[in-house]
Amino acid sequence: MFTLDSWSADDYDNLTEYLKSNADLKYRDFHSSLVPDTESNSIIGIRMPIMRKIAKEISKGNAREFLDISQTEYYEQRIISALVMGLIKTESFDDFVSLVNAFVPKINNWAVCDGFCAGLKEVNKYKKEFFDFLSNYLEIKNEWYIRFAFVIMLNYYLESEFIDDVLARCDSVNSDKYYILMAQAWMLATAYAKQKEKTHKYFLNNNLNDATFNKAIQKCIESRRVTDDDKKFLRTLKRHK
């Protein structure tokens with residue numbers, strides 16, 4: 001239905017109307033509670049499997065033209081664009097970065113951010129180049145740009161080759177923004193499970209603010225991938241005012 005050789009404004013309107021006609025209002029109300037920073041009237045109420053199916057159909061046609069005319073009025077429009085972006089096979093690093101740069105400004109909540117990052121498998125094609133490029137996002141004073149960089153590092157760069165630089169980048173960001181703080185904490189807890197020795201040393205000597213540090217420790221303690229003995233020690237590191 002949505003595998004098109006070209007996309008017009010009318011085609012996109014048809015997609016939006018299709019989404020509205022398949023709205024699950026109970027799911028909309030439930031999902032609205034999970035993304036509190038998003039106005040409920042901008043969520044149609046489409047479950048992820050349906051959006052994945054639509055994105056897959058779109059990707060078999062002219063996916064780039066779809067992205068060019070995609071809109072951001074509704075949460076689902078952003079998610080479908082993120083999914084389509086993840087299915088495009090890029091021609092070069094510059095091509096990849098161009099697509100990423102076009103989408104990142106559309107991120108307006110954690111779900112769009114994290115879903116986009118998880119599906120962006122083309123990162124693996126340009127691993128070193130994109131890691132270097134990511135530092136640009138950490139320098140932009142925007143909560144979603146910075147979270148994007150951290151969640152990308154969480155998904156693709158918690159490896160021995162990159163872990164030192166990942167931890168250094170984490171240490172360079174001192175923010176009280178909730179979604180940045182949570183991304184740092186989540187990334188560090190995952191790093192502790194995957195790169196324990198270096199992350200352990202980092203926990204002993206870092207420049208994180210107290211809120212971020214304590215949230216990272218909490219995430220480690222909640223993780224099933226951290227041993228009980230390590231959790232016992234990590235509890236002793238929590239900072240108290």
Side-chain angles (χ1 to χ4, degrees), residues 55 58-59 63-70 72 77-195 198-199 202 206-209 212 216:
I58 292 169
S59 71
R64 291 172 183 266
E65 193 167 286
F66 168 82
L67 292 177
D68 286 342
I69 69 166
S70 63
T72 57
Q77 292 172 329
R78 297 174 195 262
I79 290 288
I80 290 173
S81 291
L83 294 171
V84 170
M85 167 73 204
L87 294 169
I88 290 177
K89 302 302 180 185
T90 54
E91 299 170 0
S92 66
F93 177 66
D94 287 343
D95 180 33
F96 175 65
V97 166
S98 177
L99 288 172
V100 170
N101 282 342
F103 184 81
V104 171
K106 298 179 181 180
I107 297 173
N108 68 337
N109 62 58
W110 70 264
V112 171
C113 177
D114 298 2
F116 177 54
C117 293
L120 202 58
K121 305 302 184 184
E122 288 283 276
V123 169
N124 293 312
K125 189 186 292 186
Y126 313 104
K127 206 74 175 281
K128 180 63 169 64
E129 295 166 286
F130 195 59
F131 185 76
D132 294 340
F133 182 81
L134 273 179
S135 61
N136 295 313
Y137 286 108
L138 292 173
E139 295 171 2
I140 299 173
K141 303 300 180 183
N142 179 293
E143 185 171 11
W144 301 117
Y145 283 55
I146 296 173
R147 183 182 174 94
F148 165 75
F150 279 125
V151 178
I152 285 288
M153 288 189 287
L154 183 160
N155 276 284
Y156 303 100
Y157 292 102
L158 298 183
E159 304 170 350
S160 57
E161 179 182 353
F162 299 101
I163 188 62
D164 289 334
D165 289 330
V166 166
L167 294 174
R169 286 180 177 183
C170 188
D171 214 44
S172 72
V173 175
N174 190 332
S175 175
D176 60 358
K177 295 289 187 180
Y178 177 79
Y179 290 105
I180 295 175
L181 179 158
M182 291 299 290
Q184 285 175 283
W186 179 24
M187 187 188 75
L188 287 169
T190 308
Y192 193 87
K194 291 186 173 183
Q195 302 288 339
K198 290 189 174 182
T199 310
Y202 174 75
N206 60 78
N207 295 309
L208 295 175
N209 61 50
T212 303

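Because only heavy atoms are used, hydrogens play no part in the values below, and waters and symmetry mates are left out as well, while side chains stay in. What you are looking at is a predicted structure, and each value in this text was computed from that prediction instead of being measured.
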*Asks:* So, do Thr212 and Asn174 sit near enough that their side-chain heavy atoms are less than 4.5 Å apart?
*Replies:* no
*Asks:* Restricting to salt bridge (charged side-chain N to carboxylate O under 4.0 Å, His left out), what partner residues turn up for Lys125, sequence neighbours left out?
*Replies:* Glu122
*Asks:* Please examine the side chains of Phe116 and Val151, heavy atoms only from C-beta on, and report whether any two atoms are closer than 4.5 Å.
*Replies:* no
*Asks:* Taking the side chain as every heavy atom from C-beta outward, state whether Leu120 and Val123 have any pair of such atoms under 4.5 Å apart.
*Replies:* yes
*Asks:* Can any side-chain N or O of Glu91 pair as donor or acceptor with the backbone N or O of Phe96 at less than 3.5 Å?
*Replies:* no
*Asks:* Quick one: which residue pairs count as a salt bridge (Lys or Arg N to Asp or Glu O under 4.0 Å) with a foot in residues 111-121, not counting sequence neighbours?
*Replies:* Asp114-Arg147
*Asks:* Please walk me through it: do Ser70 and Lys106 pass side chain to side chain donor-acceptor pair (under 3.5 Å)?
*Replies:* CA-CA 10 Å; Ser70 63; Lys106 298 179 181 180; 3.0 Å; yes
*Asks:* Any idea which heavy atoms bring Val173 and Gln184 closest together, and the distance?
*Replies:* O-NE2, 3.1 Å
*Asks:* Rounded at 0.5 Å granularity, tell me how far CG in Asn109 sits from CD in Glu143.
*Replies:* 11.0 Å
*Asks:* Show the nearest heavy-atom pair for residues Ala55 and Leu83, with the distance to one decimal.
*Replies:* CB-CB, 3.5 Å
*Asks:* Before you tell me yes or no, could you show the steps for Thr90 and Tyr126 under side-chain contact (heavy atoms from CB on, under 4.5 Å), namely the whole-Å CA-CA distance, both residues' side-chain angles and the distance that decides it to 0.1 Å?
*Replies:* CA-CA 10 Å; Thr90 54; Tyr126 313 104; 2.8 Å; yes
*Asks:* Could you go through residues 134-141 and list every donor-acceptor pair under 3.5 Å that involves a side-chain atom there, pairing it with any protein atom two or more places apart or in another chain?
*Replies:*
residue : atom : partner : partner atom : Å
Ser135  : OG   : Asp132  : O            : 2.9
Asn136  : ND2  : Phe133  : O            : 3.0
Tyr137  : OH   : Asn101  : OD1          : 2.3

*Asks:* Report the residues that fulfil side chain to side chain contact (heavy atoms under 4.5 Å, CB included) with Asn108, sequence neighbours left out, ordered by chain and then residue number.
*Replies:* Arg78, Val112
*Asks:* Would you say that Leu188 contacts Tyr202 through its side chain, given a criterion of any heavy-atom pair below 4.5 Å between the two side chains?
*Replies:* yes
*Asks:* What is the minimum heavy-atom distance between Phe150 and Cys170, and which atoms define it?
*Replies:* CE2-CA, 3.7 Å
*Asks:* Of the non-hydrogen atoms in Ser175 and Asn209, which two are nearest, and what is the gap between them?
*Replies:* O-ND2, 3.2 Å
*Asks:* Could you walk me through whether Arg169 and Phe131 satisfy the side-chain contact (heavy atoms from CB on, under 4.5 Å) test, starting with their C-alpha distance in whole Å, then the side-chain angles of each, then the deciding distance to 0.1 Å, before giving a yes or no?
*Replies:* CA-CA 11 Å; Arg169 286 180 177 183; Phe131 185 76; 3.5 Å; yes
*Asks:* Can you tell if the side chain of Ile88 reaches within under 4.5 Å of the side chain of Arg64, non-hydrogen atoms only?
*Replies:* yes
*Asks:* Within a strict 4.5 Å, meaning less than it, do heavy atoms of the Leu67 and Val84 side chains meet?
*Replies:* yes
*Asks:* Test Asp171 against Asn206 for side chain to side chain donor-acceptor pair (under 3.5 Å), laying out the working first.
*Replies:* CA-CA 6 Å; Asp171 214 44; Asn206 60 78; 5.7 Å; no
*Asks:* Among all residues two or more places apart in sequence or in another chain, which pass the salt bridge (charged side-chain N to carboxylate O under 4.0 Å, His left out) test with Lys177?
*Replies:* none
*Asks:* Applying side chain to side chain contact (heavy atoms under 4.5 Å, CB included), can you list everything that pairs with Ala193, at least two apart in sequence or on another chain?
*Replies:* Arg225
*Asks:* For Gln77, enumerate each residue passing the side chain to side chain contact (heavy atoms under 4.5 Å, CB included) test, keeping only those at least two apart in sequence or located in another chain.
*Replies:* Tyr12, Thr16, Gln71, Glu73, Tyr74
*Asks:* Could you tell me which residues satisfy side chain to side chain contact (heavy atoms under 4.5 Å, CB included) with Asp94, sequence neighbours excluded, listed by chain and number?
*Replies:* Ser92
*Asks:* Decide yes or no on side-chain contact (heavy atoms from CB on, under 4.5 Å) for Ile80 and Phe66, but give the supporting numbers first.
*Replies:* CA-CA 10 Å; Ile80 290 173; Phe66 168 82; 3.9 Å; yes
*Asks:* What heavy-atom pair brings Ala191 and Ile163 nearest, and what distance separates the two atoms?
*Replies:* CB-CD1, 4.1 Å
*Asks:* Under 30°, 30 to 60°, or over 60°: which ring-plane class applies to Phe148 and Phe130, parallel, tilted or perpendicular?
*Replies:* perpendicular
*Asks:* For Lys89, what residues pass the salt bridge (charged side-chain N to carboxylate O under 4.0 Å, His left out) criterion, not counting sequence neighbours?
*Replies:* none
*Asks:* side-chain contact (heavy atoms from CB on, under 4.5 Å) between Tyr145 and Ile107: does it pass, once the steps are laid out?
*Replies:* CA-CA 8 Å; Tyr145 283 55; Ile107 297 173; over 6 Å; no
*Asks:* For a quick test of reading the model, state the closest non-hydrogen atom pair linking Asn155 to Cys117 and the distance between them.
*Replies:* ND2-CB, 4.0 Å
*Asks:* Among all residues two or more places apart in sequence or in another chain, which pass the side chain to side chain donor-acceptor pair (under 3.5 Å) test with Asn142?
*Replies:* none
*Asks:* If I take atom OG from residue Ser172 and atom CG from residue Leu167, how far apart are they, to the nearest 0.5 angstrom?
*Replies:* 11.0 Å
*Asks:* Identify, with sequence neighbours excluded, every residue that meets salt bridge (charged side-chain N to carboxylate O under 4.0 Å, His left out) alongside Glu159.
*Replies:* Lys127
*Asks:* Scan side-chain atoms only and decide if Lys198 and Ser160 contain a donor-acceptor pair under the 3.5 Å cut-off.
*Replies:* no
*Asks:* Quick one: list whatever passes ring-ring contact (aromatic ring centres under 6.0 Å, His included) with Trp144, sequence neighbours left out.
*Replies:* Tyr179
